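Everything on this sheet refers to the single structure shown next.
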Amino acid sequence: MSDTTLPKEQGGPVSSAGEDADELADGQGNNQAKVQVNVQAREQAGAPKTAAAAVSAQNADFFKLGPEHITEVAELEKRCFSMPWQEKQFRLAFEQHVFSIFGLRQNGALVAYVAVYHTPYELEILNIATHPDHRRQGLGKRLLGLMLQIGVKMGIETSVLEVRRSNAAAIALYESYGYVQCGVRRHYYTDTNEDALVYTKSLQEDAASA
């Protein structure tokens with residue numbers, strides 16, 4: 001699993017996730033379909049603090065990516081991670097029906113994406129990547145919120161992820177969504193020999209409080 005690198009983002013609008021839950025569950029649907037943004041009251045407290053950031057987050061179109069987007073995803077991956085996946089790794093992952101990527105597009109360009117593995121019981125957040133020129137606009141937080149909504153909609157019980165011990169910004173974001181550290185993978189990242197912290201979150205608790 002690659003590291004998850006995130007800026008200290010300020011939030012953003014979250015859409016209704018039912019349509020995307022259907023696509024995630026069956027691997028079908030229109031990968032280019034844009035999802036109408038619907039701001040939820042529970043997200044407004046974390047909205048971007050500047051008008052420019054708010055406009056940027058709201059103008060980003062949420063969509064599901066497919067194998068035809070691999071080159072685009074791999075280019076963004078290289079800009080965000082010290083140990084990026086290669087195009088071959090993405091192609092192999094897409095051959096598994098439990099792998100999905102959702103992204104945000106702005107002015108025709110992919111500016112952020114989230115990659116996940118999903119089973120009927122578990123949603124694993126693999127990567128959340130935000131283009132360096134578009135950080136601190138709430139894009140990463142918006143993607144995470146959308147994926148958790150989709151997981152709840154699908155009836156998935158738990159979400160898990162791994163993050164570098166030194167990545168304080170990402171850890172703060174995950175904990176703000178209710179993730180709790182449950183373990184450590186010692187010397188997990190081979191480029192720096194750094195530990196990975198393992199986090200988990202109950203999605204059924206979210207479903208019960210919805």
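These numbers were taken from a predicted model, which means no experiment stands behind them.
Y177 and F62 fall within the same hydrophobic cluster, where Ile, Leu, Val, Met, Phe, Trp and Tyr residues are linked whenever their side-chain heavy atoms come under 4.5 Å apart, directly or through other members. Cluster annotation: L126 and V198 are assigned to distinct hydrophobic clusters (Ile/Leu/Val/Met/Phe/Trp/Tyr, side-chain heavy-atom contacts under 4.5 Å, transitive). Note on F99 and L92: separate hydrophobic clusters, where clusters join Ile, Leu, Val, Met, Phe, Trp and Tyr whose side-chain heavy atoms are under 4.5 Å apart, directly or indirectly.
Closest approach of Q89 to P84, counting heavy atoms only: OE1-O, 4.1 Å. The heavy-atom pair separating L76 from A129 by the smallest distance is CD2-O, 4.3 Å. Nearest heavy atom pair, residue Y189 against residue A196, reads CE1-CB, 3.6 Å. L173 and S176 get closest at one heavy-atom pair: O-OG, 2.5 Å. Across A93 and Y117, no two heavy atoms sit closer than the pair CB-OH, 4.3 Å.
In this structure, the ring of F63 has its center no less than 6.0 angstrom from the ring center of F102. Between Y179 and Y174, the gap from one ring centroid to the other is short of 6.0 Å.
Interatomic distance, CG of L148 versus CD1 of I150, reported as 9.5 Å (0.5 Å rounding). Put simply, CD on Q149 and CG on L144 are 10.5 Å apart, with the number rounded to the nearest 0.5 Å. Atom CD1 of I101 is separated from atom CG of L143 by 11.5 Å, given to the nearest 0.5 angstrom. In this structure, K141 NZ and R136 CZ are separated by 14.0 Å, a value rounded to the nearest 0.5 Å.
Contact of the E162 side chain with the R185 side chain is registered, since non-hydrogen atoms from C-beta on lie closer than 4.5 Å. Using a 4.5 Å heavy-atom threshold, the side chains of I125 and S159 count as touching. L123 has its side chain within reach of V116: a pair of non-hydrogen atoms, C-beta onward, lies under 4.5 Å apart. Q106 has its side chain within reach of Q137: a pair of non-hydrogen atoms, C-beta onward, lies under 4.5 Å apart. At least one side-chain heavy atom of L139 sits under 4.5 Å from a side-chain heavy atom of V111. Within the 4.5 Å cutoff, the side chain of T71 has heavy atoms near those of the E87 side chain. Side-chain contact check for N127 versus F81: some heavy-atom pair is nearer than 4.5 Å. Two residues are said to be in side-chain contact when any heavy atoms from C-beta on lie closer than 4.5 Å; T158 and V160 meet this criterion.
Salt-bridge formation is detected for the pair E72/R105: a Lys NZ or Arg NE/NH1/NH2 atom is positioned less than 4.0 Å from an Asp or Glu carboxylate oxygen. Of the charged side-chain nitrogens involved, none lies within less than 4.0 Å of a carboxylate oxygen, so that E75 and R79 do not count as a salt-bridged pair.
Of the possible donor and acceptor atoms, none in the side chain of E157 sits under 3.5 Å from a partner among the backbone N and O of P120. For the pair E194 (side chain) and S166 (backbone), a donor-acceptor distance under 3.5 Å is present. Side-chain atoms of E122 never come within 3.5 Å of backbone atoms of T119 as a donor-acceptor pair (strictly under, hydrogens ignored). Remark: side-chain polar atoms of H134 are not paired, donor with acceptor, to backbone N or O of H131 under 3.5 angstrom.
Using cut-offs of 30° and 60° on the angle between ring planes, the pair F90 and W85 is tilted.
Counting only N and O atoms by type, the side chains of T192 and R164 include a donor and acceptor under 3.5 Å apart.
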Worksheet item: Would L161 and E124 count as a side-chain contact (heavy atoms from CB on, under 4.5 Å) if you check the C-alpha gap in whole Å, the side-chain angles of each, and the deciding distance to 0.1 Å?
Response: CA-CA 6 Å; L161 59 86; E124 181 178 2; 5.8 Å; no
Discussion item. Go through it in stages, so that I can follow the logic: the residues are L110 and L65, the test is side-chain contact (heavy atoms from CB on, under 4.5 Å), and I'd like the CA-CA distance, side-chain angles, deciding distance and then a yes or no.
Written reply: CA-CA 10 Å; L110 180 67; L65 290 86; 4.1 Å; yes
Worksheet item: Checking side-chain contact (heavy atoms from CB on, under 4.5 Å) for the pair Y121/I156: CA distance, chi angles, key distance, verdict?
Response: CA-CA 5 Å; Y121 309 102; I156 295 175; 5.8 Å; no
Practice prompt. Mind running side-chain contact (heavy atoms from CB on, under 4.5 Å) on D61 and L104 for me, showing each step along the way?
Written response: CA-CA 5 Å; D61 296 316; L104 294 172; over 6 Å; no
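Screening residues 171-184 for salt bridge (Lys or Arg N to Asp or Glu O under 4.0 Å) gives no qualifying pairs among residues at least two apart or on separate chains.
Not counting sequence neighbours, the partners of V184 by the side-chain contact (heavy atoms from CB on, under 4.5 Å) test are R165, Q181, R186, D195, L197.
Residue D133 qualifies as enclosed at atom CG: its count of foreign heavy atoms under 6.0 Å is above 12.
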